[in-house]
Amino acid sequence: NPYNPKTPKSAIGRKPGGGAYAGFGEAPPTHSKALAAALASAAKPGKSLNFARHKETIATELYREFNRDGFGGALPEKFEITWNAKLLTTAGLTHYRKVTRSSGVSEYHARIELSTKVLDTAEKLEATLLHEMCHAAAWLLDKCAKPPHGSVFKKWAARVMRVYPVVRVDTCHSYQIHQPYKYRCTQSWCLQEYGRHSKSIDVDAKACGVCNGKLEFLGKFNADGTKAEEKKATAFSLFVKEHFGSVKERLPAGTPHKLVMKELSVQWKSGGGTGKKSRAGDESGNADAEKTLEGK
DNA sequence: ACTCATGATCGCAACTTTAA
DNA sequence: TTAAAGTTGCGATCATGAGT
């Protein structure tokens with residue numbers, strides 16, 4: 001089955017549009033007391049902070065302090081901040097809503113959406129949240145959302161930057177976005193690299209977007225560039241790989257993916273479905289292990 | 001958190017239309 | 001002519017099962 005030349009478009013890094021092509025290293029060190037406190041409480045002494053696990057708490061704490069010291073407490077105490085895993089090039093978004101009642105009085109609402117993929121450090125979260133809060137202030141306090149980074153936004157940006165001199169509030173951010181999964185063109189004169197957030201490129205089906213050459217998977221990498229250890233597929237994964245097609249075939253046309261997985265689960269538990277290999281021994285072993293636990 | 005397959009979902013870039 | 005706003009299609013990621 002030869003690869004067909006459907007080509008991945010985006011290479012590593014950001015595409016132009018949001019701003020300059022990436023930048024100079026990391027965001028400046030944190031300045032806010034809230035962040036310092038959140039980091040101190042969340043991180044084990046000696047160990048580094050698990051940002052992914054504590055980002056929600058950090059975000060709400062930052063909002064509280066930013067509102068108090070940067071916006072004079074004029075923003076709502078309760079404010080919706082959600083995380084979105086599908087924002088890949090956008091660090092954060094502020095959504096506006098205006099509700100006009102029959103009395104003619106208008107209510108202004110705002111909420112902030114943050115990217116789990118882009119905001120992988122507390123410093124990036126800090127700068128982005130402050131940026132989005134300036135949008136929220138422009139909308140809720142000045143009733144002005146356009147232009148997005150016009151004079152009203154800049155007024156708030158200047159104000160909060162006086163309070164937090166080390167945090168930059170720019171009209172566009174340029175973060176280095178870490179993409180753990182790397183691919184590379186195998187043509188020696190090309191060697192174009194591709195980064196993804198998941199193992200999503202089928203190297204047998206897709207080719208290099210630059211030269212149409214064959215691609216290879218380089219592996220998963222940590223943020224510091226070192227190679228992460230690869231995990232081998234579990235027995236159940238291999239079972240899915242082997243039997244997904246036939247199980248789906250057996251079910252009525254149009255059966256949703258979820259139900260195909262349920263059926264695969266049934267087949268798996270009944271000993272492999274095809275009957276060519278018995279897992280009975282494994283199962284009794286598991287049962288024994290369970291009894292041992294119960295007997296404790 | 002990650003392994004497998006693949007349809008559903010949705011961000012986003014590119015294109016088309018409207019305003020100015 | 002340009003920008004802004006609306007539309008559309010592509011493709012990257014999520015959901016989903018069990019196990020490590």
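Values reported hereafter were calculated over all heavy atoms of this structure, with side chains retained and with hydrogens, waters and symmetry mates removed. The structure presented is a predicted model; accordingly, all values stated were derived computationally and were not measured. Each chain gets a letter, A, B and so on, in the order its sequence line appears, and its residues count up from 1.
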Listed partners of A:His178 passing side chain to side chain donor-acceptor pair (under 3.5 Å), at least two apart: none
Nearest-Å distance for atom pair CG/C1', residues A:Leu88 and C:dC10: 13 Å
5' precedence on DNA chain B between A:Glu113 and A:Phe236 (nearest-nucleotide basis): A:Phe236
Euclidean distance, atom CD of residue A:Glu263 to atom P of C:dA15 [Å, nearest integer]: 23 Å
Presence of A:Thr234 side-chain N/O under 4.0 Å of C:dT20 phosphate oxygens OP1/OP2: no
Short side-chain to backbone donor-acceptor contact, A:Ser115 and A:Lys117, under 3.5 Å: yes
Nearest-Å distance for atom pair NZ/C1', residues A:Lys269 and C:dT16: 13 Å
Pairs involving residues 139-158 of chain A, ordered by first then second residue, that meet side-chain hydrogen bond (donor to acceptor under 3.5 Å, both in side chains) (sequence neighbours left out): A:His131-A:His149, A:His135-A:His149, A:Asp142-A:Lys155, A:Asp142-A:Trp156
Rounded distance (Å) that lies between atom P of B:dG11 and atom NE2 of A:His95: 8 Å
Non-neighbouring partners of A:Tyr181 that pass ring pair (Phe, Tyr, Trp, His ring centres under 6.0 Å), sequence neighbours left out: none
Touch class at under 4.0 angstrom, heavy-atom based, for A:Leu238 against every strand present: nothing
Backbone N/O of A:Glu56 and side chain of A:Thr60: donor-acceptor pair under 3.5 Å: yes
Summary of side-chain hydrogen bond (donor to acceptor under 3.5 Å, both in side chains) pairs that have at least one residue in residues 70-88 of chain A, sequence neighbours excluded: A:Asn84-A:Glu113
Rounded interatomic separation in angstrom, taking CD from A:Gln179 and C1' from C:dG11: 14 Å
Of all pairs that satisfy side-chain hydrogen bond (donor to acceptor under 3.5 Å, both in side chains), the ones with a partner from residues 249-264 of chain A, not counting sequence neighbours: A:Glu263-A:Gln267
Distances for protein N/O vs nucleotides 5-8 of chain B N/O pairs under 3.5 angstrom?
{"unit_1": "B:dA5", "atom_1": "N3", "unit_2": "A:His257", "atom_2": "NE2", "d": "3.3"}
{"unit_1": "B:dT6", "atom_1": "O2", "unit_2": "A:His257", "atom_2": "ND1", "d": "3.4"}
{"unit_1": "B:dT6", "atom_1": "O2", "unit_2": "A:His257", "atom_2": "NE2", "d": "3.4"}
{"unit_1": "B:dG7", "atom_1": "OP1", "unit_2": "A:Lys248", "atom_2": "NZ", "d": "3.2"}

Any A:His197 side-chain N or O less than 4.0 Å from OP1/OP2 of C:dT13: yes
Pairs under 3.5 Å (N/O, protein and nucleotides 5-9 of chain C):
none

Residues, nucleotides or ligands: over 12 heavy atoms within 6.0 Å of A:Arg64 CZ: no
Spacing of A:Leu259 atom CG relative to C:dA15 atom C1', expressed in whole Å: 13 Å
Sugar-phosphate only, base, or nothing, as touched by A:Lys231 at under 4.0 Å among non-hydrogen atoms: base
Protein-nucleotide distance (A:Gln267, atom CD; C:dG19, atom P), rounded to Å: 15 Å
A:Asn84 side chain, from C-beta outward: closest of B:dT3, B:dG11, C:dG19: B:dG11
Residues in side-chain contact (heavy atoms from CB on, under 4.5 Å) contact with A:Ala228, at least two apart in sequence or another chain: A:Lys220, A:Asn222
Length of the OH-C1' vector between A:Tyr181 and B:dA1, whole Å: 8 Å
Partner set under side-chain contact (heavy atoms from CB on, under 4.5 Å) for A:Pro256, not counting sequence neighbours: A:Leu259
Under 4.0 angstrom between A:Ser198 side-chain N/O and C:dA12 OP1 or OP2: no
Sugar-phosphate only, base, or nothing, as touched by A:Leu264 at under 4.0 Å among non-hydrogen atoms: nothing
N/O (side chain, A:Lys117) to phosphate O (OP1/OP2, C:dT13) under 4.0 Å: no
